[in-house]
Amino acid sequence: MLSASVPLMLTVAVGSTNKTVPQLSGNSTLLGRDSFIISTNLAFGSSKLLYSTAMLLSTFQLDGNDALVVYGKGSLVYEVSVQLDREPAVITSGTTQITTKYFSNEKSFVVNFAVAHGITTVALETTQKTVVILIADYDTATNLWMPTIAGNGDLAEYVDIKASAPLLIRGPYLVRTATLAQTQNALALTGDLTAEGSTVLTVYGPSTLTSISWNGKELERVKKVAGGTWQVEIVTSGASVEIPDLLQAEWRYRDSLPEIGAGFEDESLVFANHTTTTNTFPPYYGGPWILYADDYGFHVRVLSCDQCRR
């Protein structure tokens, strides 16, 4: 395994042609003892990603527009290409500097960048559609959340069936739940913060938002910083936590490993000595012995759909 970083020019299959990437400037860099994935020919929403040397975090609908979230290691050069029928107007917001070029014969728009700290929004606007690329550095990407907005009825929690994930949230240590009003004007979040003081909450979501609450408390001075991007400061004070005297506490326990005791009787144990199974998925390793519990008479009942919904 290489311990030194290696600059690379890579050839990837894009549609029916091969492309050497990056096309505009710089090199892809393989860091020592690391790896990366180049993604090609992927659909997101009604749009198409031709290739990305940056890592893909997710996709979602940002205020009705197809949005692609990518990330990479700070200061390294990456390149993203999307299919567009005409050259777009480019609107950026953030610290990452980008270089762009439209290849009209291929209907491809290329965005080349060296990742800076934070999130940079790149909106590609044409008369037909808008495609948004959100660029984050690795550390920032580890603190992004895409909570599920539940739908109604059966399978309410399943994204792309009844539920949706129309939000990208930055700031909190953990986002536990999110509820979005049907009119998409009120967002209620619950979660945890890292420490007392202030945390800047950034929400990428519907432009119709007018209020955001955190753990049941409505936040004041929510401001719109860009189309579909909202920011608000969460201020907390130290909570008082009383820790009991553990030396004086009454402790209860149960022996979870009776088989290690000298007096344990093992006559009733079943020998796992089968070498054949009726299971349609035979084990790939561990042979020749079969260790499926059902083969030895230990069965767990299967829940029906009606029971799953209860």
Side-chain angles (χ1 to χ4, degrees), residues 1-4 6 13 30-44 55-60 69 71 73 138-139 141-165 169 172-179 190-192 194 241-310:
M1 181 178 289
L2 294 174
S3 59
V6 179
L30 177 60
L31 298 177
R33 303 180 183 277
D34 202 353
S35 63
F36 65 87
I37 297 173
I38 296 180
S39 304
T40 62
N41 307 308
L42 296 176
F44 62 104
M55 290 165 279
L56 304 186
L57 180 66
S58 190
T59 65
F60 69 114
V69 187
Y71 68 98
K73 298 294 179 66
Y138 178 84
D139 290 339
T142 60
N143 196 33
L144 295 177
W145 301 95
M146 294 189 70
T148 298
I149 305 297
N152 298 312
D154 295 340
L155 307 177
E157 300 288 344
Y158 288 81
V159 175
D160 294 333
I161 299 179
K162 292 292 184 66
S164 61
I169 297 174
Y173 174 76
L174 174 65
V175 175
R176 295 182 180 274
T177 65
T179 304
T190 66
D192 302 327
T194 54
V241 179
E242 294 185 4
I243 300 177
D245 186 345
L246 300 182
L247 294 177
Q248 301 299 322
E250 180 183 356
W251 292 86
R252 299 180 182 181
Y253 69 93
R254 177 174 301 214
D255 187 359
S256 62
L257 295 172
E259 63 271 20
I260 67 174
F264 179 75
E265 297 294 339
D266 59 2
E267 288 84 358
S268 61
L269 296 183
V270 177
F271 285 97
N273 54 6
H274 292 192
T275 57
T276 60
T277 179
T278 57
N279 195 309
T280 55
F281 297 97
Y284 292 106
Y285 49 85
W289 314 119
I290 301 298
L291 301 180
Y292 291 134
D294 294 272
D295 285 316
Y296 298 94
F298 300 97
H299 307 292
V300 177
R301 62 194 291 264
V302 178
L303 297 177
S304 68
C305 291
D306 288 338
Q307 292 166 327
C308 292
R309 288 194 290 264
R310 290 175 184 170

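We number each residue from 1, following the sequence as shown.
- Shown here is Leu257, whose CG atom has more than 12 heavy atoms of other residues, nucleotides or ligands within 6.0 Å.
- Contact of the Thr142 side chain with the Tyr71 side chain is not registered, since no non-hydrogen atoms from C-beta on lie closer than 4.5 Å.
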Sequence neighbours excluded and cut-off under 3.5 Å, please list the side-chain donor-acceptor pairs for residues 274-289, or say none.
residue, atom, partner, partner atom, Å
His274, ND1, Asp295, O, 3.4
Thr277, OG1, Asn279, N, 3.0
Thr277, OG1, Asp295, OD1, 3.4
Thr277, OG1, Asp295, OD2, 2.7
Asn279, OD1, Phe281, N, 2.8

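- Interatomic distance, Glu157 CD to Ile149 CD1, rounded to the nearest 0.5 Å: 10.0 Å.
- Atom CG in Asn152 sits 7.5 Å away from atom NZ in Lys162 (nearest 0.5 Å).
- A donor-acceptor pair under 3.5 Å is absent between the side-chain atoms of Thr194 and the main chain of Tyr173, judged by distance alone.
- Within 6.0 Å of atom CZ in Phe271, 12 or fewer heavy atoms from other residues, nucleotides or ligands are found, so the atom counts as exposed in its surroundings.
- Contact record, Leu246 with Trp251: O-NE1, 3.0 Å, taken as the closest heavy-atom pair.
- With sequence neighbours excluded, the residues that form a side chain to side chain contact (heavy atoms under 4.5 Å, CB included) with Thr179 are Ala188.
- Residues satisfying the side chain to side chain contact (heavy atoms under 4.5 Å, CB included) test with Glu265, not counting sequence neighbours, are Glu267.
- Nearest approach of Leu291 to Ala272, heavy atoms of both residues: CD2-CB, 3.8 Å.
- When the shell of 6.0 Å around CG of Asp160 is examined, it contains 12 or fewer heavy atoms from other residues, nucleotides or ligands.
- Taking Phe298 as the reference, Val270, Ala293, Tyr296 meet the side chain to side chain contact (heavy atoms under 4.5 Å, CB included) condition, with sequence neighbours excluded.
- Listed here is the closest heavy atom pair of Pro147 and Ile169: CG-CD1, 3.8 Å.
- Listed by first and then second residue, the salt bridge (charged side-chain N to carboxylate O under 4.0 Å, His left out) pairs that reach into residues 246-255 are Glu250-Arg252, sequence neighbours excluded.
- The shortest heavy-atom contact between Asn143 and Pro172 is OD1-O, 2.9 Å.
- In this structure, CG in Leu56 is found 6.5 Å from CG in Leu42, a value given to the nearest 0.5 Å.
- Here Asp192 pairs with Arg176 under the salt bridge (Lys or Arg N to Asp or Glu O under 4.0 Å) rule; sequence neighbours left out.
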